[in-house]
Amino acid sequence: MITTGLMMLICTSKVFVPCNLVLTGDAFPVVMNSQGHILMAASVYGRGRIVVLSHETYLTLCPALVDNALTLLGGGESANLSLGVPKTMKGVVDNLNRSSYQVSPVEEFRADLGVSVYVTDAYQVGPKAEELIAFVKAGGGLLIGGQAWWWASQNENKNLILEFPGNKVTGVAGIYFTAQYGELCVSVSFILLHSHVMDFKKDLEFLLKGISDFDIRGNGFPSAALVHGPLAFPIGTTDKGEAFLAGTYYGRGRVIVATNDLFQQNEKLASFWKNAIDWLDQGRKGVAGFEPGVKPLSNSGLTCKKTNFSSELSVFVCKAYTNLDPETIQNFVVEGGGLLIGGHAWHWATTHISQNPMQDFSGNKILSKMGLGLLTQTIKKGVYKAPDPSQINKLYFRHFLHRFACHALEGVELTKEEEESLQKLVSECVSFLRMEAYNNISYIQTLSLLTDILKNVGIQQVGIIGFNLFSLCTLDLFSLKIRYHWVFQNTGIKTIHDPVPKVKHFRNNLSVHFQLQVFIQIGCQSDTLVKKKLQRAPRVIKRFPVTSERMQVWNLWGGLIYLLAPRDVKVEDEKIVVQEAITAPYYKSGVTKEADWSSLRKAPAPWAEMEFENIILTVPSHLIRDLENVLEVEKLWNGIMKGVADLAVIPQKFIRKERIVADVQISAGWMHAGYPIMMHSSAGAELFNPQDARTKGLWGEIHELGHNQQRSPWEFPPHTGEATCNLWSVYVHEEVLGLNREKRYIEEYVKGGKNLSDWNVWTALETYLQLQEKFGWDAFKKVFAAYHDMTNHPNDKEVKMNLYAETFSRAVNMNLTGFFKAWGWPIQRATEEKLSDLPLWTDHPMA
C-alpha cells in the first residue's frame, strides 16, 4: 500500500512539480493528491503491466514508492525481478542496487535484454516505443516516470497526446502524461472531474478546415452522442449543444462517431469526411477499409475499398450495428488505427425495450470504453454552424457537469444558456450512469461527483413543490447505492417512499423460462419524463432479467410487481413467492368476490389495480379507497371494451388486455395512447364513476383506446392521426353509453378551397361521420374486416387513400369517388374506372 506520508511527499514537493495523469479504458489510479490529480497510475496491456509516475525524480527520491511499484509489476513478488535501467539514470540504478534487485544498466532498451521489468523516464523512450510496447504485450513490466508540462511548453505545435515520448508507450494502456501541473489547486468539492485537461483546438482546426456548417437534413433522424471521456470532444453540435459528430483519442489511435450512418453518404458533408479520414489516418497515407454495406468515400485522399475488418488497415469505417467483436476493434484503435463509426441508437432501443442501450447496443459496446456513446434521444435535423475551435463547447457532457458541480457545490452562477439546457445534462447523466462501468476510473469519478452533489443538496419531498433540479438523477444513483449496500440512514438524504421496502425477495418455479426473455418489473409507469419542472422522478420503473429461482430486486420508488414474458409463453400452475412486499388493493373480474372488496381496497400499498375482462386500470390507491359499487365499474368497462372490439372487428377477448395508468405527471398531453395508456391522476377518479360516464362521457380515455386500434393501411398521416381514433369515441358514446354526438361544422374548410393540408382532426372526422350517417356503423365494420384480410399494403399516402375509397365503396356497393373528391382527396382516374360498375352517390352532403 502507498502510505499517507509518501503521498504527502509527492504532493508537497516544491522543486519537482508533477503533472496530472489522465486515464482511459482499464487504467486505474494508485496515488491521487489532495486536489484529486492522479500522480501515479497502473494498467495492463496484453500479458504485461505498466506503472506510471507523474515525475521522473520520484524514481530516485521515493525508493519505497518504487519498491511498491515493482511489487505490483511483479504480480506481488519483487525479490526475483530482473531490471533493466538506462545508464543515464545513475541515481535510480544506485537505489535499486541497494535494494538487492538484479539490475542491468543499459545504453537503451533492446528486445533481447532478458529482463522482466524495464525502468525508465518518459523522455528517452520515443525511438523504442514499438519495441517497448511489444515487450509489455508479451508479459513484461514497465515502470516509467515523467511529466509533460515542460515538453508541451517547448513543443507548442506538436500533439501532446500522440507525440510526447512517454505517451507513445503508455497510451496503449490508457495512461497519458499531460501539461497540467499536479499541484494546480482546485476546489476539493469537485476535484474528481476536470472539464478540459487536454486542449483539442488543433484537432478541431484540422477537422473543420474549410467547413462553415454541417447540413444534416438528409434521411433518418440522428441520435445524440454522449461525449464523456477525458480525451473525447464534440465536433458538430446543434444550437442546443447536442452532439451529432464527436471524436476521441484511444490508445495511440483516434475515433470519430457520427450519430446517423447515412451521414457518411451525405454529399454536403464530403469535405468534412475528407478531413476526418485524414485525421484518423495520422498521415500514414494507408488504406481506409469500408465494412460491407458501407459505401466507400470518394476523393478522400486515401485508398478506399470495401473489405472485411483487418488489423492491417489504417482506417476502418463501419456502422454502429456491426457484429464485429468490440475488443477486436478497440485493440485496433489502441495500437494506432483510426475508426469511423456511424449509426443511431434510438431505433434499436424501440425494438429492444427490455435491454440497456448503454450496455447492450453494439455501437456502445465499442464506444463506451473509448469515452463516447450513442443515446436513444434523437436530435432535430437542420443546418448547424461549425464550432469555433478556440472556444470550449460549454454544453458538452464533461464540461457541463463540471460547471454544474461548481454551481451546486460552490454557488457559481450558471449562464442563461446553461440553465435552459439543464434537462439535457440530466438526461445525459442518467444515460451515463446506465453504463455501470465500475472498472472505469472516469465512470467512478463521475459517480462520486454526482453523489457528492446529491448529498450536499438532498432530495425534495414529492407532492408539495415537486422535484428540484438536483434530484433528477437520483433513481440510478440510489439504485447503485442499494446494489452496494450503502445505508440510507447514513446519507442524510430523505427518500420518497420510506414505508416501501428497498429490497424484495422472489422465489419462483419458472425455470422453464430461463432460456426466454423474462423480466421482473417494479412499477407500472413506462413514461420517461423530459420536463423542466418535475413532479416525480424522470424514470420510476426498474426491470430485472429472471436469471435464477431466487432473486433480490428493488426499486427506490416502490411500485407494483409484474412478470414480463414473451407473448407466446403460457404459464400454468407455476408458483411465485414474494417476500418483504406490501399488499396492494387489487380486484380481478371473475376472481375477486364483491364481499371481499371492502377489505381489499384498504390494503396499504400506494398503488391499486383493477383488472376487468379486457382492460386493467392502475391508479393511486386513494382513488379507490371509498369505491363501493365495484360491480358497476366492472360492468361499465366491460361494456366499453366490448364496444371497442365490435367496431375494430377483433375478438371479444383481447390477446393482451389494454392498460390505463393514472400518474401525477406523464410524458405528453393530458392523456396519451400506448401500452399503457397514460393519464393524469388528477382526473383518475372519473374512471370509477359509472353515473358520470353515462351522462358526461369518457371521451379522452376512449380517444386513446381508439389510437391503439389505428392501423397504418387506413391511416393517412399527418391528417387522420387525431381523427380516426375518435370513431371509437363516437361509437362507444352512442352505442354503449347512450350519448349523442356533437355536430361539427365544415364551412371554413369548404370556404378555404378544400385543401387537403387543412383536412385534419375535427374536419377529417366529419368526413367519416358523414359516411356513418349514410351507411351506418356496419359499413365501417365491413371496411375494417376487409383490411384484416389484406396483404402487401401500400405505403404511399395517395395510393392508400384511393384504396380506402375503393374498399369503402365495395363495402356499401356504391361508388363514393365523387364524395371523396368533394372532400379534396386525390382520387385517381384509375380508381374511378375500377368502381364504374357501381352506382354513384350523387346526393352526398358535399355535393
Side-chain angles (χ1 to χ4, degrees), residues 23-27 43-49 133-134 136-139 171-174 223 225-226 228-229 231-232 246-259 261 264 277 280-282 286-296 304-345 347-349 351-352 355-376 434-440 442-443 517 545:
L23 311 184
T24 64
D26 297 326
S43 188
V44 297
Y45 179 67
R47 291 158 46 199
R49 302 179 181 187
I133 290 171
V136 176
K137 190 174 184 179
V172 297
S223 284
L226 182 66
H228 62 83
L231 299 182
T248 190
Y249 285 83
Y250 187 67
R252 300 173 71 191
R254 293 167 166 173
V255 180
I256 287 179
V257 62
T259 63
D261 50 291
Q264 297 166 6
I277 292 292
L280 294 170
D281 176 64
Q282 298 188 43
V287 176
F290 289 73
E291 184 182 48
V294 181
K295 182 181 178 182
C304 297
K305 64 179 183 179
K306 282 190 177 182
T307 178
N308 292 320
F309 173 79
S310 168
S311 60
E312 301 301 315
L313 294 169
S314 177
V315 178
F316 184 59
V317 184
C318 66
K319 293 185 179 182
Y321 329 113
T322 182
N323 57 7
L324 287 171
D325 175 50
E327 188 173 350
T328 298
I329 298 181
Q330 290 162 356
N331 289 339
F332 167 71
V333 178
V334 160
E335 295 177 2
L339 174 67
L340 172 55
I341 182 169
H344 54 69
H347 183 266
W348 184 93
T351 56
H352 298 76
Q355 293 181 259
N356 181 346
M358 300 308 295
Q359 290 183 327
D360 302 325
F361 175 53
S362 56
N364 286 333
K365 287 181 179 179
I366 296 169
L367 291 168
S368 292
K369 201 170 185 179
M370 299 175 171
L372 295 171
L374 289 165
L375 302 178
T376 58
R434 294 191 73 190
M435 291 194 308
E436 299 185 21
Y438 308 120
N439 61 344
N440 183 284
S442 179
Y443 181 88
Q517 202 173 46

Distance (rounded to the nearest 0.5 Å) between [X] [atom1] and [Y] [atom2]:
X    : Y    : atom1 : atom2 : value
N308 : C318 : CG    : SG    : 12.0 Å
N331 : S311 : CG    : OG    : 10.0 Å
D325 : I329 : CG    : CD1   : 8.0 Å

Does some side-chain heavy atom of [Y] sit less than 4.5 Å from a side-chain heavy atom of [X]?
X    : Y    : value
V294 : Q264 : yes
V287 : S314 : no
M358 : L375 : yes
K369 : Q330 : yes
S362 : N323 : no
E335 : R252 : no
R434 : Q359 : no
H228 : M435 : yes

Is the side chain of [X] donor-acceptor paired with the backbone N or O of [Y] at a distance under 3.5 Å, no angle test?
X    : Y    : result
N440 : G25  : yes
T351 : H347 : yes
E291 : F316 : no
T248 : M370 : yes
N364 : L367 : no
Y250 : L231 : no
S43  : G174 : no
S223 : A345 : yes

I need the minimum non-hydrogen distance between [X] and [Y], along with the two atoms involved.
X    : Y    : value
G343 : A320 : CA-CB, 3.9 Å
F290 : C304 : CE1-CB, 3.5 Å
Y45  : A173 : CB-CB, 4.3 Å

Problem - F309 ring center within less than 6.0 Å of F332 ring center - result: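 Centroid separation for F332 and F309: below 6.0 Å.
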
Handout entry: Atom CD of E327 with >12 non-hydrogen neighbours under 6.0 angstrom
Key =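 Open: at most 12 neighbouring heavy atoms sit under 6.0 Å from CD of E327.
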
Exercise for the section: For D360 and K365, run salt bridge (Lys or Arg N to Asp or Glu O under 4.0 Å): C-alpha distance rounded to whole Å, both residues' side-chain angles, the deciding distance at 0.1 Å, then the answer. Expected result: CA-CA 7 Å; D360 302 325; K365 287 181 179 179; 5.6 Å; no

Exercise for the section: Test L226 against L374 for side chain to side chain contact (heavy atoms under 4.5 Å, CB included), laying out the working first. Expected result: CA-CA 6 Å; L226 182 66; L374 289 165; over 6 Å; no

Problem - Aromatic plane relationship, F361 with W348 - under 30° parallel, 30 to 60° tilted, over 60° perpendicular - result: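 Correct class here is tilted.
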
Problem - Passing candidate, side chain to side chain contact (heavy atoms under 4.5 Å, CB included) with L339, options I366, I256, V317 - result: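 With L339 as partner, I366, I256, V317 yield a single side chain to side chain contact (heavy atoms under 4.5 Å, CB included), made by I366.
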
